[in-house]
Structures are given as C-alpha cells and as structure tokens.
2 protein chains.
Amino acid sequence: MADKREHILIVAEQLFGERGFDGTSVRDIAQTAGVNLAMISYYFGSKEKLLEAMINFRSEYAYGILAELNKDQSLSPWDKVDRLVEFYVDRILNNLPFHNIMYQESTAFRSIDIKDKIIDLKMRNLDQITRIITDGQQKKLFRQVDIPMTVGTIMGTISSYTQSRAYSCNILAIREDSDDEVFRTKLSKRLKAHLKQLLRAHLDIRNDTGPMEK
Amino acid sequence: MADKREHILIVAEQLFGERGFDGTSVRDIAQTAGVNLAMISYYFGSKEKLLEAMINFRSEYAYGILAELNKDQSLSPWDKVDRLVEFYVDRILNNLPFHNIMYQESTAFRSIDIKDKIIDLKMRNLDQITRIITDGQQKKLFRQVDIPMTVGTIMGTISSYTQSRAYSCNILAIREDSDDEVFRTKLSKRLKAHLKQLLRAHLDIRNDTGPMEK
DNA sequence: TTGAATTAAACAAACGTTTAATTGATTTTT
DNA sequence: AAAAATCAATTAAACGTTTGTTTAATTCAA
C-alpha cells in the first residue's frame, strides 16, 4: 500500500457516498480499508476531520480545467457551453461518490469549516460559468438569463439523475444491477444531449420571448 | 395534543429534514415532541417504520392536484406548463423538510419498501408531466424533447436551491438568518420566473435547432 | 536508540429497542 | 350504582450494541 492515508480517504469516500456520513462508522472504514481502527484518529484526528480532509483532497483538482476553458480564445461561446456541459457531466459521473457526499453534506451542516468549503466550491463554479455566459451576452449571441439559476439547472439536472440509481436505471431502460460503466455511458450520453439542446434554446438571443402561440 | 401519533410524525419530519435520518436519534424526536421515548416504538414499531409511515402520510395529499391540472380542457399547454412550474415550486417550498428527506433517502437505500415508495412517487410525477408535454406536442406547440430529462431539469433546478440554504441566501442576496417566509418568497419568485423562461424556450416548437450563429 | 507507525484493548457515551410496572378511562359484571 | 375487569396509553428503567475516541504497549525502520 503506497499511501495509506490516501487509501483511507478513497475508501471513506466510497462508503460515505453510498451510506452517508452518519450512516458510515469509522469501523466500517477501517475494516474496508484493511487498516487498524486507531489509524483513522491517528491520521485525521476525528471522523469529521477525515471528511474535511477528503473535501480538500478532492477540491484541488477540480479548479484548473474550467479556468482553462475560459481562457481559450479560439472557442466561440456556443462551443464553450457545449464543452462546459461535457466537462460537468463527465466530472460528476466520474466522481459519483464524492459528488454524492457534497450533495448530502450541503444540506446537513456538519461544521462551519465544511459548510464554508462547500459554498466556496459552488461559488467558484458559479463564477466560471458566469464568465462564459456574460461573454456570450457581450457578443450578442446569448440573451439575458438568470445566470445563477441557470447554473442550478445544469447542476440540478445532473444531480437528479445521479442521486437515485434505481430511478435512473428505470428511465435509461437498463437493469438496476447493470455494470457501472454501462450506467455511466448511457446516462452521460442522455444528459449531455439534453443539456446541450436545453441550453441552446435557453441562451439563444433569437429565442427572446415573443408572444406565445395559443 | 389532539393526535399524538401525527404530532410525532411532524416533529420527526422536521428533524430528519434538518439533520438527516441517521443524524437524528429517536431520543431527539421524543424529547422535541415532548413524549416518552418508548412511545415511538409503541406507535410505529421502529425508527425505520416511522420513516415509512411519514412517507405514506405525506404522499397521499400530493397526487390530486396535478391530475386535475391535466383534466382541465380550458387551459392551453403553455398555460399548463406555467401552472406546473408554480405548482411544483410552491409544493416543494411549502414542504421543505419532507422534500429534503425524500431527497436524501433516494440516495441511501434504507429498505426496499422505502425505495419502492420513493420511486413510485417519482414515476407518478413523471407520468403527469409527460401527459402535459405530449399534449403540447400533439398540438404542434412543443417540439421533441427528452421528457424524463426535462422533468429532471425542473425538479433538479428547484432542489439545487432548496438543498443548501447558505448558498441560496448568498444568491438571493439576503441574510442567512432571514425569516423563513422571506426566504421562501424570494426564492419562489426567482425559481418560477427562471423555470418559465427556460421551459418556454426549451419547449417552443419554433426554437427547433437550426444552425448556430458563430 | 529514537520516534513514527501500528496494534489490541478499553473507554464512556449514545444508540434503537424492550421490559415490566403503572396509569386512566371504558366496559362488564355484580 | 358500585365494584371489578379490561385494555390501550404511558412511564422509568434497563437491555445489549454500536458509536467515536483514547490508551498503553508493541513493532519497525532510520
């Protein structure tokens, strides 16, 4: 085992993601990770600090890519939106356990530290997406929309299908015990296609609301 | 206290909604409800069956209204979509604790009974909304969209803002300790406006995707 | 030999649930 | 009408686990 500390983090991520923070005991983690119970206190101090360490561990890598997307001058705003959708769907689907934890922990307020970290993460997301959309607006391609709500739509749509595997499999018309890869592939395609179509219509300046046909 | 059993259910709903199922002890519930600890086993059998009873208790009332909306012949599909948005935003915002529980419990699989109940609830929602949208499609007002994904968008957008009060208050530009009513009113307005605008663009047959301006 | 890594064992507290006794009102019997 | 019986409602206490954390001893490499 190369890095025992990291190994514990990954095992804990899996379990927290499946059973929730309160639904997972430190004994569960220790046993699954194949380490002694006391090692968790030894490395992290407490169960709660383990969660905090996990958020730090996973947050770092997420920042770079979106910022890069924004810098790329060669991409049109429309291309950027498509890339954005692909980026988020891929990132969430490839990190389902962690996403589930963030998802659950943003409701529960475990500690001020953790709460602030999660809000910080969300704010950065919002900030990056805001730049992409305002850029499109300045170039007269996108219409005026409620940007924070639009971000909620993107994240919320994805979450609503990562949250309940049973329901999702039902919709995707695959067996509930299907391979994880099959599940992700099917869901990824479906989500990306939907979100792209949705955002094209939502953002396009030519779709600014005229009178409705009755 | 008129109906002690119901009173326990309501208190438990509050606590589960705030702290999660695993984060709430039966002693918490008993103390907050002002009843003896043993009464919870006496009335419900177990903590898990209390949750099940709660889902039954809350599920019943939800069905009627949407079905009625579908029957109403005088409303155009566009009107129905607007009503739909208003119905869902209101219902969720007026039942935040229960919504949070459903939200959390659809990830955790507490028991097969509970899982099935939640899926059943979701399926009924999907079914009702499907009727509204296919109706609009048959009348050549709505274009072809991925209906289950669109439902996910509606529910997910709302959830993404009911899930984390701290973040939402940040976006709504109100203080985090604002009155509950203030929070709901502001969020309701914002969500309804956004979702209506979004769905108008998304569903309108005139917005069927032509080539994008570059 | 020093100090970090690892262990089994123990800790007190909290957990969900059960027990056995008691209350209080309603029904049945005298 | 009074007494007895019945049964659901309620209680304090205890049950056996499980919880997160700590201790003190031991291993192991530097």
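The sequence lines fix the lettering, A, B, ..., with proteins before strands; numbering per chain opens at 1. Since we're looking at a predicted model, the values are computed, not measured.
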Applying ring pair (Phe, Tyr, Trp, His ring centres under 6.0 Å), which residue pairs with at least one partner in residues 113-138 of chain B are found, sequence neighbours left out?
none

Residue pairs passing the ring pair (Phe, Tyr, Trp, His ring centres under 6.0 Å) test where at least one lies in residues 154-181 of chain B, sequence neighbours excluded
Y161(B)-Y167(B)

Listed in order of residue number, which residues of residues 101-111 of chain A have a non-hydrogen atom at under 4.0 Å from DNA chain D?
none

List the residues meeting ring pair (Phe, Tyr, Trp, His ring centres under 6.0 Å) with F44(A), not counting sequence neighbours, and say none if there are none.
none

Applying ring pair (Phe, Tyr, Trp, His ring centres under 6.0 Å) to F21(B) and not counting sequence neighbours gives F16(B)

Sequence neighbours left out, what passes salt bridge (Lys or Arg N to Asp or Glu O under 4.0 Å) with D113(A)? Give chain and number order.
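Partners of D113(A) by the salt bridge (Lys or Arg N to Asp or Glu O under 4.0 Å) criterion come out as none, since no residue qualifies.
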
Rounded distance (Å) that lies between atom C1' of dA14(C) and atom CD of Q31(B)
13 Å

What is the per-nucleotide protein-contact pattern of nucleotides 7-21 of chain D, from the 5' end, where B denotes a base atom under 4.0 Å from a protein heavy atom, S denotes such proximity for sugar-phosphate atoms only, and - denotes neither?
-SBBBB-B----BBB

Once you build an axis from the first five pairs and another from the last five of the helix from dT1(C)-dA30(D) to dT30(C)-dA1(D), how far apart in angle are they, to 10 degrees?
10°

Within the side chain of S59(A), is there an N or O that forms a donor-acceptor pair under 3.5 Å with the backbone of I55(A)?
yes

Inter- and intrachain pairs under salt bridge (charged side-chain N to carboxylate O under 4.0 Å, His left out), touching [range], at least two apart:
range	answer
residues 92-112 of chain A	D22(A)-R110(A), E105(A)-R110(A)
residues 185-194 of chain A	D90(A)-K192(A), R190(A)-D146(B)
residues 148-162 of chain B	none
residues 95-104 of chain A	none

